[in-house]
Chemist: 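To start, I am sharing the structure in question, which I have written as structure tokens.
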Amino acid sequence: MKKVKVNLGKRSYRIIIGVGVLSQLKTELKKLKLGKLAIVVTNPTINRLYGPLLQKTLKGSPVELHIEEVPDSEESKSAQQCIDLIERFADLDRGRGLFVIAFGGGVIGDLAGFCASVYRRGIPYVQVPTTLLAQVDSSIGGKVAIDLPCGKNLIGSFYQPRMVLSELRFLESLEATQIKQALAEIIKYAVICDSQLFQYLEDHLDQILKLKQEGLQHIIETCSQIKVKIVEQDEADKKGKRIILNFGHTAGHALEAAAGYTQDYPHGNAVALGMLVVCDIAKQLNMLSAKIAQRIEALIARAGLPAEISGLKLKDILTALAHDKKFSNGKNRFVLPVRIGRVVVKENIPEQIVTKAIKSRMKSEVSSLGDYE
Ligand SMILES: NC(=O)c1ccc[n+]([C@@H]2O[C@H](COP(=O)([O-])OP(=O)(O)OC[C@H]3O[C@@H](n4cnc5c(N)ncnc54)[C@H](O)[C@@H]3O)[C@@H](O)[C@H]2O)c1
Ligand SMILES: [Zn+2]
């Protein structure tokens, strides 16, 4: 078991990571004194798999549990779902000291955390993440949000949980594709600031893909520590430190948008391709050696993530990138790798360099359909 402290003054909290750590939830909640009524926000999949275990774990606790299910889909991060959930909070409240347990993947964490941040101007919540992505990324750092039809995470706030409890046993039931998706973010962490993690992934990827606990424990601990360090330096994303977490995400978001946010381009696949695109940009600018780019590409391929953009038109990707620029003073901005463990942020990269990098990743028959140069 590992405890990682998130030092944010009055908003500090701990992340508890390990096999069997769920058994500590009762004691931890008692210590935190968050209230007498816990609303567990979850979905039917997670509730079926682990709801009974959660209830058993909290048996005999002075905290009363109430389980609220939302549909199992990104669509649950909607304004309507948020209002429905908050109305349930209000129904159940009766001044008993209500707090929220976000019990699920990133969708549940973002939705439940956002509802907790706005209900009565903020009630406490804890994160009990059940996906690898949520354990290494979304449960940490306090970014909570819901989506709008015109874009993801457009309504949100910074609202730190009071605790994160990452139980490794939950990961046993994840599908291989969910592990792959999380690996895109894990490789991202390694490239942006941890060459040892990168080496570890190169050496242990096969074990991680087989969900061996030792490997998982190591990467969840390491990634949590990396994210914590960055969040501690720039909690509200105002000092330009959190931006390195966007490595692979600028081009990645453009791919997701060009694909209309369909499952053809799940986030991890888009980020993997986005990382390859920025490797190519960095190579063209002589900032990254071909050898290191090759190492990154090889690890992405071994994780089962794609190396080629297929089924999209170049012009749609460029339109999505141009749209993104609107939100950064009209300049493009990319996080570029310079070696494993180090990235730099660069703005105003010539469009032809960006276009060439994207084209180099496209299946030839598709890129030729685009009428952009
Ligand atoms: N707040 C942040 O900082 C942040 C960071 C990254 C991503 N996100 C958000 O996270 C979301 C994606 O999260 P995700 O990848 O965890 O997806 P998800 O929450 O949709 O979970 C993926 C699937 O796994 C199922 N599942 C969850 N736990 C399981 C388990 N233990 N066993 C079997 N199945 C299980 C879920 O029901 C779902 O079908 C997106 O909405 C994204 O915007 C937020
Ligand atoms: Zn991401």
Side-chain angles (χ1 to χ4, degrees), residues 22 41-51 53-54 69-78 81 102-114 116-117 125 127-148 151-161 164 166-189 192 211 216 223-224 227-228 230-231 235-237 242-253 255-256 261 263 265-275 305 335:
L22 186 68
V41 180
T42 190
N43 73 29
T45 314
I46 301 150
N47 197 16
R48 179 178 47 78
L49 287 166
Y50 302 111
L53 182 64
L54 183 77
E69 285 186 354
V70 300
D72 182 355
S73 149
E74 174 76 26
E75 276 155 37
S76 278
K77 277 174 62 176
S78 69
Q81 184 60 70
F103 187 41
V107 164
I108 296 289
D110 280 11
L111 169 72
F114 180 72
S117 79
Y125 78 113
Q127 292 269 15
V128 183
T130 62
T131 63
L132 182 57
L133 179 109
Q135 295 193 354
V136 296
D137 189 356
S138 62
S139 67
I140 307 163
K143 276 193 178 177
V144 291
I146 56 172
D147 303 334
L148 282 180
K152 279 188 63 172
N153 299 322
L154 289 183
I155 305 181
S157 52
F158 289 94
Y159 193 62
Q160 300 296 340
V164 179
S166 290
E167 167 61 68
L168 261 65
R169 287 207 177 121
F170 292 148
L171 308 182
E172 286 163 13
S173 49
L174 287 178
E175 287 173 14
T177 76
Q178 288 160 353
I179 303 294
K180 268 191 332 197
Q181 294 300 305
L183 273 166
E185 304 286 355
I186 293 165
I187 294 172
K188 172 194 84 176
Y189 282 124
I192 62 174
L211 298 179
L216 286 175
C223 294
S224 299
K227 181 140 187 200
V228 165
I230 295 171
V231 167
E235 183 184 2
D237 208 357
R242 259 177 114 139
I243 190 178
I244 61 169
L245 292 166
N246 277 343
F247 173 59
H249 281 62
T250 310
H253 284 152
L255 298 178
E256 286 180 285
Y261 293 99
Q263 272 315 299
Y265 274 83
H267 183 67
N269 284 15
V271 170
L273 287 162
M275 291 193 282
L305 291 158
V335 181

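Every number for a ligand or one of its atoms is a count from 1 in the order of the listing.
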Chemist: Regarding Asn43 and Glu69, is there a side-chain donor-to-acceptor distance under 3.5 Å anywhere?
Modeler: no
Chemist: Any idea which protein heavy atom is nearest atom 31 (N) of ligand 1, and the distance to it?
Modeler: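 Of every protein heavy atom, Phe170 O, 2.8 Å lies nearest to atom 31 (N) of ligand 1.
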Chemist: Suppose I only count heavy atoms of Gln178 and a 4.0 Å limit; which atoms of ligand 1 are within that range?
Modeler: 22 (C), 23 (C), 24 (O), 25 (C)
Chemist: Enter the distance from Arg169:CZ to Leu211:CG here, rounded to the nearest 0.5 Å.
Modeler: 14.0 Å
Chemist: Purely on distance, is any nitrogen or oxygen of Gly106 under 3.5 Å from one on ligand 1?
Modeler: yes
Chemist: Considering only heavy atoms of Thr45, which atoms of ligand 1 have at least one such atom less than 4.0 Å away?
Modeler: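 Matching atoms, with element in brackets: 37 (O).
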Chemist: Would you mind telling me if ligand 1 is within reach of the side chain of Lys152, the backbone, both or neither, using heavy atoms under 4.0 Å?
Modeler: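 It is the side chain that gets close, since no backbone atom is under 4.0 Å.
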Chemist: Against heavy atoms of Lys143, which atoms of ligand 1 measure under 4.0 Å?
Modeler: 1 (N), 2 (C), 3 (O)
Chemist: Can you give me the closest heavy-atom contact between Pro44 and Val70, atom names plus distance?
Modeler: CD-O, 3.2 Å
Chemist: Would Tyr159 and Tyr125 count as a close aromatic pair, with their ring centres under 6.0 Å?
Modeler: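 When the ring centroids of Tyr159 and Tyr125 are compared, they turn out to be within the sub-6.0 Å range.
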Chemist: Which of the N/O/S atoms in Glu185 sits closest to the Zn ion (ligand 2)?
Modeler: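 Of the nitrogen, oxygen and sulfur atoms in Glu185, the Zn ion (ligand 2) lies nearest to OE2.
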Chemist: Nearest 0.5 angstrom please: Leu174 CG to Ile179 CD1, how far?
Modeler: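 It comes to 4.5 Å.
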Chemist: What I want to find out is whether Glu74 reaches Lys152 closely enough, with some N-O distance under 4.0 Å, to be called a salt bridge.
Modeler: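 Between Lys152 and Glu74 there is a salt bridge, with a charged N closer than 4.0 Å to a carboxylate O.
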Chemist: Among all the protein's non-hydrogen atoms, which is closest to atom 42 (C) of ligand 1, and how far away is it?
Modeler: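 Heavy-atom neighbour on the protein nearest atom 42 (C) of ligand 1: Lys77 NZ, 3.8 Å.
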Chemist: Give yes if a backbone or side-chain nitrogen or oxygen of Ile140 is under 3.5 Å from a nitrogen or oxygen of ligand 1, and no if not.
Modeler: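 N/O-N/O distance below 3.5 Å does not exist for this pair.
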Chemist: Under 3.5 Å, is there a donor-acceptor pair linking the side chains of Glu75 and Gln81?
Modeler: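 Per modelled atom types, Glu75 and Gln81 side chains form no pair under 3.5 Å.
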Chemist: If the cut-off is 4.0 Å to any non-hydrogen atom of Leu174, which atoms of ligand 1 fall inside it?
Modeler: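 Atoms satisfying the 4.0 Å criterion: 29 (C), 30 (C), 32 (N), 33 (C), 34 (N), 35 (C).
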Chemist: Do the two ring centres, one from Phe103 and one from Phe170, sit under 6.0 Å apart?
Modeler: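 Centroid separation for Phe103 and Phe170: below 6.0 Å.
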Chemist: For atom 4 (C) of ligand 1, what's the nearest protein heavy atom and its distance?
Modeler: Ser138 CB, 3.2 Å
Chemist: Under 4.0 Å from a heavy atom of Ser173: give me the atoms of ligand 1 that qualify, with their elements.
Modeler: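 Near Ser173, meaning under 4.0 Å from one of its heavy atoms, ligand 1 has 30 (C), 31 (N), 32 (N), 33 (C).
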Chemist: Could you find the nearest protein heavy atom to atom 40 (C) of ligand 1 and give me its residue, atom name and distance?
Modeler: Glu74 OE1, 3.3 Å
Chemist: Determine yes or no for a side-chain-to-main-chain donor-acceptor pair under 3.5 angstrom, with Lys227 supplying the side chain and Ile140 the backbone.
Modeler: yes
Chemist: Roughly how far, to the nearest 0.5 Å, is the CD1 atom of Ile230 from the OH atom of Tyr189?
Modeler: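 Reported value, rounded in 0.5 Å steps: 7.0 Å.
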Chemist: By number and element, which atoms of ligand 1 are closer than 4.0 Å to a non-hydrogen atom of Asn153?
Modeler: 43 (O)
Chemist: Among all protein heavy atoms, pick out the one at the shortest distance from atom 7 (C) of ligand 1; state its residue, atom name and that distance to 0.1 Å.
Modeler: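 The closest heavy atom on the protein side is Leu133 CD2, 3.7 Å.
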Chemist: N/O of Val107 under 3.5 Å from N/O of ligand 1, yes or no?
Modeler: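 Yes: some nitrogen or oxygen of Val107 is under 3.5 Å from one in ligand 1.
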Chemist: Could you tell me which atoms of ligand 1, counted from 1 in the order shown, lie closer than 4.0 angstrom to a heavy atom of Lys227?
Modeler: 3 (O)
Chemist: For Glu175, does its backbone N or O pair with a side-chain atom of Gln178 as donor and acceptor, under 3.5 Å?
Modeler: yes
Chemist: What verdict does the side chain to side chain donor-acceptor pair (under 3.5 Å) test give for Glu235 and Gln160, after you've listed the backbone C-alpha separation in whole Å, the side-chain angles of each residue and the deciding distance to 0.1 Å?
Modeler: CA-CA 9 Å; Glu235 183 184 2; Gln160 300 296 340; 3.2 Å; yes
Chemist: Which protein heavy atom lies closest to atom 6 (C) of ligand 1, and at what distance to 0.1 Å?
Modeler: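 So the nearest neighbour among protein heavy atoms is Asp137 OD2, 3.5 Å.
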Chemist: I need the atoms of ligand 1 closer than 4.0 Å to a non-hydrogen atom of Tyr50, numbered in the order shown.
Modeler: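 Near Tyr50, meaning under 4.0 Å from one of its heavy atoms, ligand 1 has 31 (N).
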Chemist: At under 4.0 Å between heavy atoms, which part of Leu171 makes contact with ligand 1: side chain, backbone, both or neither?
Modeler: neither
Chemist: Could you tell me whether the side chain of Glu167 and the main chain of Leu22 form a donor-acceptor pair under 3.5 Å?
Modeler: yes
Chemist: What's the spacing between Lys188 NZ and His249 NE2 if we round to 0.5 Å?
Modeler: 4.5 Å
Chemist: Should Gln181 be listed as contacting ligand 1, given a heavy-atom distance under 4.0 Å as the test?
Modeler: no
Chemist: Just to confirm my output: which protein heavy-atom neighbour is closest to atom 38 (C) of ligand 1, and how far is it?
Modeler: Asp72 OD1, 3.3 Å
Chemist: Give the residue, atom name and distance (to 0.1 Å) of the protein heavy atom nearest atom 28 (N) of ligand 1.
Modeler: Thr130 OG1, 2.8 Å
